[in-house]
Amino acid sequence: MAGKRRKNMQENIADFIPSPSIEKEKEKTKSRKAQFIQGCKDSVPICFGYIPAAITFSGLALSSGLSFWQTMAMSSLLYSGAGQMSTCNMLDTGAPAVLIIITIVILNLRHVVMSSIVISDNPGTPKRRLFWILLGLTDEVFGLYSASDSNRKLTPFWLLGCGICAWCYWQIGTLIGLFTLSLLPDLVLNAFGVSLYAMFAALLTGAIVKKPKLLLSVGTAVILNWILAQFIDSSIAIIASAIISAVGASFVLKPEDVKS
Amino acid sequence: MNIWILILVLATVTSASRTLPLVVSRKGNTNPRVQTVMEILPYTLMAALVFPAALSSVEGSWLASVASLAAAIILAIAKKPLMACVLAAVGVCALILLFV
């Protein structure tokens, strides 16, 4: 890490040669630091959403029999609420690994969209730095980033600060959940089994209220899933009906109808 | 052991989807059909994951399953924050399991 920073500084100093570079360099790193710290400060509202969400995830993980380290590994490496909770749920219902992976890939599609936007906003940023920013780019960080008013220029260092803090909130929430919820009786822990469904139902409801045309494709997916599940394995039915109805809907709907 | 491998694969897949646009293209896909499918697919997948499985999510209590789902949907219509919807659903479910 230290070596990397030294290398960065050398590059920056090289940028400023032959002007009297030391003063400017100081100023530049200071403002980068300030941007980073601003990102950390701006990230605070995220913790109100993340800590309860991560606690809920640990409840679901405990109720589906994952160990402490497996749960922590998921939170730190997957770092995706919907992805982690779907994985627990599908492990619980005994879905084959391949289907879990396909489900996660589809749920991750929105990351591709968000990352593309951040990349095109920051054309001069080195790829190595963007890589770390994108790893920490969640719905909430991206939400703060795109909601901030356009007068305030949000820099890559702001994103880095905000992203690192958000990741920490997620880990803290998972730890709190693991330590407190394991004290609960099994009967109450079972209640966390509904959390994934509740989250998806709430997300869907919110999306449909905002973009009513989604109802058509969502309704098709539900009906198709119910029919297919009578004949084929239920997790294959889920993925097949989701893909068929999304592709079908793309013949009827335009991107503007569904753009978030 | 198997779960560990699965977690590592999923972590790789998730990180890849976040960083893929760095490698593939700096502009993103501009085909409108592909864009529409990419926007809709997560929603249709969520819908198929929820229904009908959610109606029998709690073993032995259809009431707990349905009531918790209804709580989440009603709060979402009332535009409450996402986690409020989820925690209300978990709370409703726990209460029904304990007292009904």
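In this text the structure is predicted, and so the values were computed from the model without any measurement.
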**Study point:** From CH2 (A:Trp226) to CG (B:Leu55), nearest 0.5 Å
**Key:** 12.0 Å

Point to revise | B:Ile74 portion near chain A, given a 4.5 angstrom heavy-atom threshold | key: neither

Review point. Quick one: what part of B:Met46 sits under 4.5 Å from any heavy atom of chain A, side chain, backbone, both or neither?
Key: both

Point to revise | Options A:Ile239, A:Leu214, A:Leu189, A:Ile243, ranked by heavy-atom pairs under 4.5 Å with chain B, top entry | key: A:Leu214

**Study point:** Residue pair B:Leu49 / A:Phe200: nearest heavy atoms and the distance that separates them
**Key:** CD1-CE1, 3.5 Å

Study note, to complete from the structure: Of all heavy-atom pairs linking B:Ile7 and A:Gln70, the shortest is CD1-O, 3.7 Å

Study note, to complete from the structure: Bottom line for B:Pro52: the part with an atom under 4.5 Å from chain A's heavy atoms is both

Exercise for review: Please flag which part of A:Leu66 lies under 4.5 Å from any non-hydrogen atom of chain B: side chain, backbone, both or neither.
Suggested key: side chain

Revision key, fill the gap. Counting heavy-atom pairs under 4.5 Å with chain B, the top scorer among A:Trp69, A:Phe192, A:Tyr197 is A:Tyr197

Check your understanding: For the candidates A:Ser195, A:Gly193, A:Gly248, A:Ala237, which exhibits the highest count of non-hydrogen atom pairs separated by less than 4.5 Å from chain B?
Key -> A:Ser195

Study note, to complete from the structure: So, the part of A:Ser234 with a heavy atom under 4.5 Å from chain B: the answer is neither

Revision key, fill the gap. If one checks every heavy atom of B:Lys80 against chain A at 4.5 Å, the contacting part turns out to be neither

Review point. What is the distance from atom OG of B:Ser17 to atom CG of A:Leu107, rounded to the nearest 0.5 Å?
Key: 10.0 Å

**Study point:** Interface residues of residues 73-85 of chain A facing chain B - non-hydrogen atoms under 4.5 Å apart
**Key:** A:Ala73, A:Met74, A:Leu77, A:Leu78, A:Tyr79, A:Ser80

Point to revise | Structural part of A:Leu196 lying under 4.5 Å from a heavy atom of chain B | key: neither

Point to revise | Stepwise side-chain contact (heavy atoms from CB on, under 4.5 Å) test for A:His111 and B:Thr14 | key: CA-CA 9 Å; A:His111 289 147; B:Thr14 308; 4.3 Å; yes

Practice item. Sort out for me which of B:Leu10, B:Val86, B:Leu87, B:Ile73 touches chain A most, counting heavy-atom pairs under 4.5 Å. Key: B:Leu10

Review point. Taking only heavy atoms into account, what residues of residues 62-72 of chain B are found under 4.5 Å from chain A?
Key: B:Ser68, B:Leu69, B:Ala72

Exercise for review: Would you mind telling me which of A:Asp92, A:Ile104, A:Leu135 has the largest number of heavy-atom pairs within less than 4.5 Å of chain B?
Suggested key: A:Leu135

Review point. Which bit of B:Val9 is near chain A, if near means a heavy-atom gap under 4.5 Å: side chain, backbone, both or neither?
Key: side chain

Check your understanding: Does any heavy atom of chain B fall under 4.5 Å from the side chain of A:Val112, the backbone, both, or neither of them?
Key -> both

Review point. Relative to chain B, which of A:Leu109, A:Val218, A:Leu204, A:Val188 shows the most heavy atom pairs under 4.5 Å?
Key: A:Leu204

Point to revise | Winner by heavy-atom pair count (cut-off under 4.5 Å) against chain A, out of B:Thr12, B:Val37, B:Leu45 | key: B:Leu45

Review point. Atom CH2 in A:Trp132, atom OG1 in B:Thr19: separation rounded to 0.5 Å?
Key: 10.5 Å

Exercise for review: Output the distance between atom CG (B:Leu82) and atom CD (A:Glu140), rounded to the nearest 0.5 Å.
Suggested key: 8.0 Å

Review point. Which region of B:Leu98, side chain (C-beta onward) or backbone (N, CA, C, O), has a non-hydrogen atom less than 4.5 Å from a non-hydrogen atom of chain A, or is it both or neither?
Key: both

Revision key, fill the gap. Heavy-atom closest pair (A:Ala191 atom, B:Ala94 atom, distance to 0.1 Å) is CB-N, 3.6 Å

Exercise for review: Would you mind checking which part of A:Ser217 comes under 4.5 Å of any heavy atom in chain B, side chain (CB onward), backbone (N, CA, C, O), both or neither?
Suggested key: both

Study note, to complete from the structure: Between A:Ser250 and B:Arg33 the two heavy atoms that sit nearest each other are OG-CD, 2.9 Å

Review point. A:Ser115 side chain to B:Arg18 main-chain N or O, any donor-acceptor pair under 3.5 Å?
Key: yes

Study note, to complete from the structure: Taken to the nearest 0.5 Å, the spacing of A:Thr220 OG1 from B:Ile40 CD1 works out to 9.5 Å

Review point. Do you know which of A:Leu253, A:Asn108, A:Thr205 has the most heavy-atom pairs under 4.5 Å to chain B?
Key: A:Asn108

Exercise for review: Look at the side chain of A:Asn190 and the backbone N and O of B:Val58, then say whether any donor-acceptor pair between them is shorter than 3.5 Å.
Suggested key: no

Exercise for review: Measure the spacing between OH of B:Tyr43 and CD1 of A:Ile208 and express it to the nearest 0.5 Å.
Suggested key: 9.5 Å

Check your understanding: What heavy-atom pair brings B:Thr44 and A:Ala246 nearest, and what distance separates the two atoms?
Key -> OG1-CB, 3.8 Å

Review point. Would a 4.5 Å heavy-atom cut-off, applied to side chains only, mark A:Ile101 and B:Leu6 as touching?
Key: yes

Point to revise | Contact origin within A:Phe48 toward chain B - heavy atom pairs under 4.5 Å | key: neither

